[in-house]
Amino acid sequence: MNATTLPTSDRAKALRRRFLVVATILAIADGFDASLVGVTLPVILAKGEFGVTPGTAGAVASAQLLGMLVGAVVAGILADRIGKKKVMLATLILFSVFTLAVSIAPGLTLFLVFRFLAGVGIGGIVPTLIAYVAEFSLRERRFANNTIMLVGTAIGGMLAPLAGLALLAGLGLDFRILWIMGGVFGLLLVPVAVATMPESWAYLQTHGQPQRAASLRARFGLGDLDVPASGDRPQLRTLFTREYRGRTILIAISAMFVIGSSTAFPTWLPQYLVLGGVQFSNALALSALVTFGTIVGCLVGGRMQDRGNPRIVVAVFLLLTGLALVAIGLALGAPFWLILVLLLCYGLVNNPFMFNGLVANVYPPHLRGSILSVDFGVGRAAAVVAAALGGVIAAANLPPAVNFILWALLPLAAALAVFLIPAYRRRDASEGRPASTPSADETVGA
């Protein structure tokens, strides 16, 4: 039985599953490319490639993060205005082309330019995919599906140090091979995305094509709850109206700490471990272990969000993340197995993916791209500053434990801000106003 002869419900389920699989593979490519600076930076510093020194290493990390900031702000807003599919394809091509271009960069200036431009694509595709997946998921699966997709970035982030371990530390190949792999992988995914991912039904609904939007929802077996009115076009200032203002401000504060730390810290983790006495090859392996823990933890956490209070789940995970970083710092110099176990525990509770899924699901569909632009924009801006400060910390010759304890302050602060985010009541599709008697699964973050 092929897809065209399946019963309607099974055909819709197959379409939703295919959409999620493709989105997750795109996230893997994004995560791989985003991690390449952290994986190759120790080699670049050791060999003096591109003229990078310990004093300029922070600029290398910040160039990519600055691009990710620009991409997150622009892509999130454009996704609601010109369509998520167009923005997703543009960002995919952008980061793939300029990741590949690093392999032929002749010096530091072009290296920084290429990483900035790749960063625009890397930073833009993730918020687009978050809103995209939430839109094409059943209500009871939105947190879990978004977590599955975002785990793709963690898988990519895990594959990058593993590839570095095998190809650089193991076979002694030039570090540029990793940049070539990342760029080619992304470019191969462009025709796949074109063929398998439809345009956003929320975009069609708010841009004068409600019949196409309804047809698309029917094909994917999606309900009519929370469908915006036709012609109700999203505007960024809506996020700061009385209805959403408090929620938006708290999300921005939370994002500053959550995304700022989760984006910048992995860049410096291998170097901090090396400063703590861990061998370079072991540091790469431990970085991959952290990412593996994040994958497992976020999959479990995503299901917990669907079944319980998503806001409390995220806040608790953030609290545990901060405590785990403190424990890692204090354990440096202890037996290797203890550091390994603590890093695995840190990975299990490190939850930027769960936070971003929460953000997407406490706003109606036609505002998700806009709020994610605020979420990632503020977070990426904080990450640029954090990455630069990370270099200052690494060069300051502080006690190795202090490096980790300073970073632990960020998730601890985020836990409080997330706890204060108010609940969101979904809207009735036909009337465009809050349902008078919402059920438990129509309230997010209560």
Side-chain angles (χ1 to χ4, degrees), residues 2-30 75-94 96 121 124-142 144-146 148-150 152 186-234 357 360-361 363-370 372-373 429:
N2 59 40
T4 59
T5 60
L6 286 172
T8 300
S9 60
D10 291 338
R11 187 161 60 246
K13 184 177 181 180
L15 287 172
R16 293 194 303 269
R17 183 181 294 118
R18 184 182 70 176
F19 183 95
L20 180 60
V21 168
V22 174
T24 303
I25 295 173
L26 294 178
I28 291 173
D30 176 88
I77 296 171
L78 287 179
D80 284 339
R81 286 159 176 73
I82 67 172
K84 296 179 179 67
K85 182 171 184 176
K86 300 181 188 72
V87 174
M88 179 268 297
L89 291 172
T91 52
L92 173 62
I93 293 170
L94 191 64
S96 300
I125 197 170
V126 173
T128 305
L129 287 175
I130 292 172
Y132 220 168
V133 169
E135 195 172 307
F136 282 92
S137 297
L138 294 179
R139 188 177 58 216
E140 62 272 17
R141 289 284 307 175
R142 283 178 184 163
N145 286 357
N146 246 318
I148 290 170
M149 181 276 295
L150 286 167
L187 290 174
L188 290 175
L189 292 176
V190 172
V192 177
V194 170
T196 60
M197 302 183 79
E199 184 52 90
S200 156
W201 62 257
Y203 167 76
L204 297 174
Q205 176 75 22
T206 57
H207 286 74
Q209 302 181 66
Q211 292 182 336
R212 282 188 60 194
S215 175
L216 196 54
R217 291 196 305 275
R219 282 180 55 212
F220 279 77
L222 305 172
D224 289 331
L225 184 70
D226 221 16
V227 175
S230 179
D232 186 12
R233 299 196 176 189
N361 284 284
Y363 284 82
H366 67 301
L367 292 177
R368 285 175 183 152
S370 297
L372 285 165
S373 74

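Pairing each heavy atom of V22 with each of A193, the nearest pair is CG1-CA, 4.5 Å. The two residues A75 and T128 come nearest to each other via the heavy atoms CB-OG1, 3.9 Å. Between A23 and M197, the shortest heavy-atom contact is CB-CE, 4.1 Å. Of all heavy-atom pairs between F220 and R16, the closest is O-NH1, 2.7 Å. Shown here for G221 and L138, the closest heavy-atom pair between the two residues is O-CD2, 3.3 Å. Minimum interatomic distance between G186 and L92 (heavy atoms only, all atoms of both residues): O-CD1, 3.8 Å.
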- Query: Stepwise, does the side chain to side chain contact (heavy atoms under 4.5 Å, CB included) test hold for Q209 with L216?
  - Reply: CA-CA 11 Å; Q209 302 181 66; L216 196 54; over 6 Å; no
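To the nearest 0.5 Å, atoms CG (L89) and CG (L94) are separated by 12.5 Å. For the atom pair CG (L20) and CD1 (I25), the distance works out to 10.0 Å, reported to the nearest 0.5 Å. We find the NZ-CE distance between K86 and M88 to be 11.0 Å, quoted to the nearest 0.5 Å.
Counting heavy atoms from C-beta on, the side chains of R217 and L204 never come closer than 4.5 Å.
For S215, there are no side chain to side chain contact (heavy atoms under 4.5 Å, CB included) partners two or more places apart in sequence or in a different chain. Annotation: side chain to side chain contact (heavy atoms under 4.5 Å, CB included) contacts of L187 (sequence neighbours excluded): S96, V97, L100.
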When the side chains of residues 129-137 are checked against the rest of the protein, which donor-acceptor pairs come out under 3.5 Å, sequence neighbours left out?
unit_1, atom_1, unit_2, atom_2, d
Y132, OH, P198, O, 2.2
E135, OE1, K84, NZ, 3.0
E135, OE1, S200, OG, 3.1
E135, OE2, S200, OG, 2.6
E135, OE2, W201, N, 2.7
E135, OE2, A202, N, 3.0
S137, OG, V133, O, 2.6
S137, OG, N145, ND2, 3.0

